[in-house]
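Note that the structure is predicted; figures quoted are calculated from it, not measured.
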Amino acid sequence: METKDLEKDFLTMVEAQKRTIYKVCYIYANDQDDLNDLFQETVLNLWKSFPRYRGDSKLTTWVYRIAMNTCITFLRRSNARPQTVPMTANVASMAADEDKSGQLKELYRLINQLGKLERALILLWLEERSYEEIADILGITKTNVAVKLNRTKEKLKKMSNC
């Protein structure tokens, strides 16, 4: 494939998948700077891998897998350095209604307390991905998805009641 065609196809793919990329990055980001870094790093990793995408899996599955692996790698690296607390947090408002926005922020706060796999499971479930697609993205069995997802939902319920 010619370089110009490859670039055009890639940019079209990123435009179509940018909400998915953003949502994955948002789940793993501590603040707006992390979110921007994760998004940029994910797009870079997608670009590096794009010529090798063969279509064996759905495009969204491939994008999720790269985005999650990028974010998890970022977390590993950031856990190796001292934690910092941002002076300001710029959380994007996802809903016009303040009540819903508050609930959404609380949900994301609770999700951020989960482990890496649990975060990924909940994110994909909230995105209404099938158990089969979640299994493909995370590299676990469909049965394992169901069990871990139920445990994670229970954990979130307990966390919200505290």
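- Between L35 and Y22 the shortest side-chain heavy-atom distance falls below 4.5 Å.
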Identify every side-chain donor-acceptor pair in residues 135-150 under 3.5 Å, counting partners at least two apart or on other chains, and give the distances.
unit_1	atom_1	unit_2	atom_2	d
T141	OG1	N144	N	3.0
N150	ND2	A146	O	3.3

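- Taking the side chain to side chain donor-acceptor pair (under 3.5 Å) definition, one finds that T42 meets it with nothing, sequence neighbours left out.
- The side-chain contact (heavy atoms from CB on, under 4.5 Å) test applied to Q40 returns no partner, not counting sequence neighbours.
- Applying the side-chain contact (heavy atoms from CB on, under 4.5 Å) rule to N69 yields the partners R65; only residues at least two apart in sequence or on another chain are considered.
- Between F50 and D9 the shortest side-chain heavy-atom distance falls below 4.5 Å.
- Residue I66 holds its CD1 atom at 12.0 Å from SG of C71, rounded to the nearest 0.5 Å.
- To the nearest 0.5 Å, atom CZ of residue F39 and atom CG of residue D34 are 15.0 Å apart.
- Contacts of K48 classified as side-chain contact (heavy atoms from CB on, under 4.5 Å), with partners at least two apart in sequence or in another chain: L44, N45.
- For E118 (side chain) and G115 (main-chain N/O), a donor-acceptor pair under 3.5 Å exists by modelled atom type.
- Ring-centre distance between Y26 and Y108: below the 6.0 Å cut-off.
- For W125, the CH2 atom is loosely surrounded, since the number of other residues' heavy atoms within 6.0 Å does not exceed 12.
- A donor-acceptor pair under 3.5 Å links the side-chain atoms of R119 to the main chain of L114, judged by distance alone.
- Here E127 pairs with K23 under the salt bridge (charged side-chain N to carboxylate O under 4.0 Å, His left out) rule; sequence neighbours left out.
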From CA spacing to verdict: salt bridge (Lys or Arg N to Asp or Glu O under 4.0 Å), K157, E154: CA-CA 5 Å; K157 283 179 191 173; E154 286 301 316; 3.6 Å; yes

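- Looking at residues two or more places apart in sequence or on another chain, you find no salt bridge (charged side-chain N to carboxylate O under 4.0 Å, His left out) involving K153.
- Q17 pairs by the side-chain contact (heavy atoms from CB on, under 4.5 Å) definition with M13, T20, I21, L59, T60, V63, not counting sequence neighbours.
- Each of R151, M159, K158 was evaluated against K155; a single residue qualifies, M159, per the side chain to side chain contact (heavy atoms under 4.5 Å, CB included) test.
- Taking the salt bridge (charged side-chain N to carboxylate O under 4.0 Å, His left out) definition, one finds that R109 meets it with E106, sequence neighbours left out.
- Scored by the salt bridge (charged side-chain N to carboxylate O under 4.0 Å, His left out) test, K58 finds E133 as partners (sequence neighbours excluded).
- Residues satisfying the ring pair (Phe, Tyr, Trp, His ring centres under 6.0 Å) test with Y53, not counting sequence neighbours, are W62.
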Run the side-chain contact (heavy atoms from CB on, under 4.5 Å) test on M68 and L123 for me, step by step, so that the C-alpha distance in whole Å, both residues' side-chain angles and the decisive distance to 0.1 Å come before the verdict. CA-CA 10 Å; M68 286 185 178; L123 172 67; 3.8 Å; yes

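- By the side chain to side chain donor-acceptor pair (under 3.5 Å) test, K18 is found to be paired with E15, residues two or more places apart in sequence or in another chain being considered.
- Rounded to the nearest 0.5 angstrom, I27 CD1 and I111 CD1 are separated by 4.5 Å.
- Residues L107 and L126 meet the side-chain proximity criterion, which asks for heavy atoms closer than 4.5 Å.
- Other residues, nucleotides and ligands place no more than 12 heavy atoms under 6.0 Å from the CD atom of E132.
- Using a 4.5 Å heavy-atom cutoff, the side chains of Y28 and F74 are not in contact.
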